[in-house]
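Reviewing the structure listed below.
In what follows, every heavy atom counts, from backbone to side chain, and hydrogens, waters and symmetry copies are set aside. Below, read A as the first sequence line, B as the second, and so on, with proteins coming before strands; counting in each chain starts at 1.
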Amino acid sequence: MSILRVENLTKTYTSGGRELTVLHGVNFTLEPGDTFAIVGPSGSGKTTLLGLCAGLDRASSGSVYLNDIRLDTLNEDQRAAIRNQYVGFIFQNFQLLPTLTALENVMVPLELRGEKGAAKTAQALLDRVGLGQRGHHYPTQLSGGEQQRVSLARAFANRPKLLFADEPTGNLDADTSATVVDLLFELNREAGTTLVLVTHDMELASRTQRIIRIKGGTVVTDTKERKSERVEE
Amino acid sequence: MDSPHFQTNLLPRPDAGWLFRMAWRDSRRSRQRLLLFMSAIVLGIAALVAINSFGDNLAQSIDDQARELLGADLVLSTNDPKKEKLFYPLLKKVTPTTSQTINGLNVVDSPYEYTNEISFASMVSFPKNQGVRLAQVKNLTLGVSNFGSQNSYPYYGEWQIVPQSAEKLWRDQLQKRPKPYYALVDDALMVQFGAQVGDSVQVGGVSYKIIGRVLKTPGQSTVTTTVAPTVFLPFVAEDLLQRGSRVSYKYYFRFTDGTDVEKIIKQVGPKLEKEGINYDTVAGRKKQTGRAFGDLTKFLSLVAFVALLLGCVGVASAVQLYVKEKIASVAILRTLGASGRQAFLIYLIQTAIMGFLGAAIGALVGSAIQLILPRIFSNFLPVTVETSLSFPAILGGLGTGLLISVLFSLLPLLAIRNVSPLRAIRNSYEDDLSGRDPLRWLVYLLVIAFMVGFAYLQTQNLMLAIGFTGGLLLAFGILTALGLGLIWLVRRFFPASWSYVWRQSLANLYRPNNQTLILVTSIGLGAFLIATLYLTQGLLLGQVELSASGKQPNMVLFDIQNEQLGGVKKLVAEQKLPVLQQVPVVTMRLSDINGKTDHVNRNDTTARPPKWAFTREYRVTYRDTLISSEKLVSGKAPYQADGAVYISVEKPFFDRMHLKLGDTLNFNVQGAPIQTIVGGTRDVEWNRVQTNFLVVFPSGVLEQAPQFHVLMTRVPNNQVSAQLQRGLVSQFPNVSAIDLGLILKTVDEILGQISFVIQFMALFSILTGLLVLASSVVISKFQRLRESVLLRTLGASREQILSITVLEYGLLGLLAALSGIVLSIAGTWGLAQFVFEVPYKPAVLPLVVVASLVTVMTILIGVFNSREVLSRPPLDVLRAEV
């Protein structure tokens, strides 16, 4: 069973009375445990594709199946429940809740599921990302790298089947980026999560098993075959 | 492939506790701000709790002190002293008889006693400084008792007299009758003429020694004594009580404890009414006073409600700004899997808790304020109000605060349900909130239903509640329109050539997230209340002053007997004064309408005339033409034809009586029956200084009836007025004079007292407006900080930023004040034009004062809240903010 299946996905916006198609008939399938990068220049439709795959938005046509659940038939609240159940997120600008402490930020996905012992799980995750002592700090009291590590802990809190990372190192310097990326891949491997990475950093993308390149809303290359080669290596 | 196996309701969801925890966590860094905007409702709730607590305490005090209000168990009043002899046989039948030993004798009789009071208007003079004026004279006699008691009025309650010993002197003289007689004089009158205890006062040619000044008579408020100050006398000369004079006789009864006065009245009431004797019992007075002051507190609670609504508008706008700041957080929560409803509930819980806290603080403040209310209202209150905590008022305040803050936050909070998680990955995404939420119509409906419901609860009158809500929405609507209009004007005629500082502050009035509308509405409404108060006061005074100008009469002499008429005219002529009008007045009562008597009419359910139609005394004149203050509406002026007497009736009175042209009215003119026919109706301008009448007879009917005359003249100044009055007092002691100057002064004094009460209430609106201002400045501070920091970074000096702030808030304050004043001028113009029908010239000075004060306050608050931007380094400020 595939974890993510995208069929003939098209997204059109109306802007100033004009129709603008940002994605044209995109197709791909991801198996559990895959690591996958979407690359392309600014405005190519990467983030739109990520939004559609994660159920943050609805396609104009085509379908997204997440864990075999067809997203475009669900309403926003049902998709929110799906996100909480199966999906983790990492954002370029961290998107921590500014009024919550680091620990509370990590607890939110667990609490939303009504799980018991959220604080304990969240503390363990903060320990894992090396911020065990900073749980009571607010996001403004943390550096960018630290915020992104909290964000990583939060993303893995609900043991997602699928992790979406949108330019996870876009706001970080090179050294911090390297630490965060290492941590991301480590955690991913430990949890056996499928990783979908949106980036224009080819070096980062090269660490995934499969890369699709988008330009003008269309998939121009898909390195699906590379996966088998690398596996064989 | 479809997704048949996914059902969200099977997923575990967080419990309600999590929503409260999230609300608590999320509020942590904005609690001060939340508290500040909730403080906008503190004053409204405080005003409401204060007024309602005061109302409850007042009702309780009226209940407790009902006997003191009346000063007796029962009061009977009549215009005919001969009726007194009916009391004994009437009451003997219905009162329980007791047997007791008095002076060694066994007396079996009805156990009651009473004091007789004769009251009438008369000229009184203070010889020491030759002061003369019309006053109420009350002649109180020795109590009459069936069982040897020697008490007299007041039987209950305290007569506050200085010195206290005067009351005993007064009571003693009723038995001993020393000469000269002693008098007690109302404080207001003593102050007016600088009279002291020990001086003498003259009434009807008799001199009395003043033994005490009366500060308070049971059941009377200070305002009553301002209008008609009283001189209490033990004895009056008979000539003052001549026929035709308007004398009323009151009998204050006290029964032994345990007597059921209501039961007695139930039995004798109809007989008393039939004899033209009015009665007033403790229960009746309690009901009447309670109703009057119930109305007052209801009115004031509506004024408090206005302040509360202003606060709510402030809350709504503050929550709107707050929600805007929180949208990013909501989007993150949505990506993490929170439903729209959950996100909405988190913020609803926050506002509800803050609303409840605001209400709780308001209830505390209100309970404290109510302690001073009895002092503020003391001039109007006939009872001493005991203050205590009123739990119904406090609970009502808490409930209202909670409900109103939730209701008014709903509109901005609704947007949270629609926030898209896409915002977490796209900064520019705004499509989710661009549509109009249909649920907002439901919220509008709820708000209006709440306003009508609340007003109805306060007034118990649906039409009034709808009218109040409609009026308030209209005022809000007009102020909003004015605010929008002003924004449009600034935009349309933007002075592009002005300096940067001016342009920046003017642009702040219309740029996104501006505060123009909310401040114009809230501060404008406060300014409107205050300005309207001043303008209406000016209008009322102006109306009286208008009558005092030109060739209009300004002095009225009345109670002139037939034989005195020549002499009074001569006296007027001696002072070289004109007789502008001379009118005979005959008093009479109505015995039946179309042959149906009082009793019959009350059993007839179709269009019966009101009860008072048959009990009131009619003062009637006779002439064949209408005068300048009258206008014919239907039929003809009074006339006689074929031996029938056709009278003219005032139109509104005609309507209230359910009369028709051609109806027969039978009058009892002091014993002589006279049949008349309604021959015409007329409109009367009551606000002119004229003798105006409800009923006018034709000439040739009443000439021989007992009557008195009214004469009008115009005095050029106070000196001549005093001379004429002194002449009258010495030659014609029973003739009274009303000086228009005195009325003007009285109106001024009463308005002064009323306006203080209204100003006190308007203060709540103004303060709420300023609090709303303070909170919206704080709420929007972060946005301002960014801009100011940017400006500072680009090289703007601190002075420039300060100037921009001062100008912006100055303009806002001025716009708000002007909007309120424009609305107020329009309102009072309407009053002048359609209600008082007088030319309208608003007093400019008070308006300038109101506008300046409001503007300065706005600037001060604006600058005070922005002081951080001015005094701290830009980066510091930014880092400190979340």
If you take all heavy atoms of Ala80(A) and Ala338(B), which pair is closest and at what distance? CB-O, 3.7 Å
Under 4.5 Å to a heavy atom of chain B? For Thr48(A) that would be both
Proximal component of Leu96(A), with respect to chain B [non-hydrogen, under 4.5 Å]: backbone
Arg28(B) portion near chain A, given a 4.5 angstrom heavy-atom threshold: side chain
Where does Ile425(B) contact chain A at under 4.5 Å (heavy atoms): side chain, backbone, both or neither? both
Residues two or more places apart in sequence or in another chain: which of them pass side-chain hydrogen bond (donor to acceptor under 3.5 Å, both in side chains) with Arg423(B)? Asp432(B)
Determine, for Glu111(A) against Lys116(A), whether the closest basic-nitrogen to carboxylate-oxygen distance falls under 4.0 angstrom. no
Just verifying a value: how many Å separate Tyr65(A) OH and Leu30(A) CG, rounded to the nearest 0.5 Å? 15.5 Å
Specify whether Tyr322(B) and Tyr347(B) have parallel, tilted or perpendicular ring planes, treating 30° as the upper limit for parallel and 60° as the lower limit for perpendicular. perpendicular
What residue, out of Ser329(B), Ser420(B), Ala331(B), has the most heavy-atom pairs lying under 4.5 Å from chain A? Ser329(B)
Residue part contacting chain B, namely of Asn93(A), when any heavy atom lies under 4.5 Å: side chain
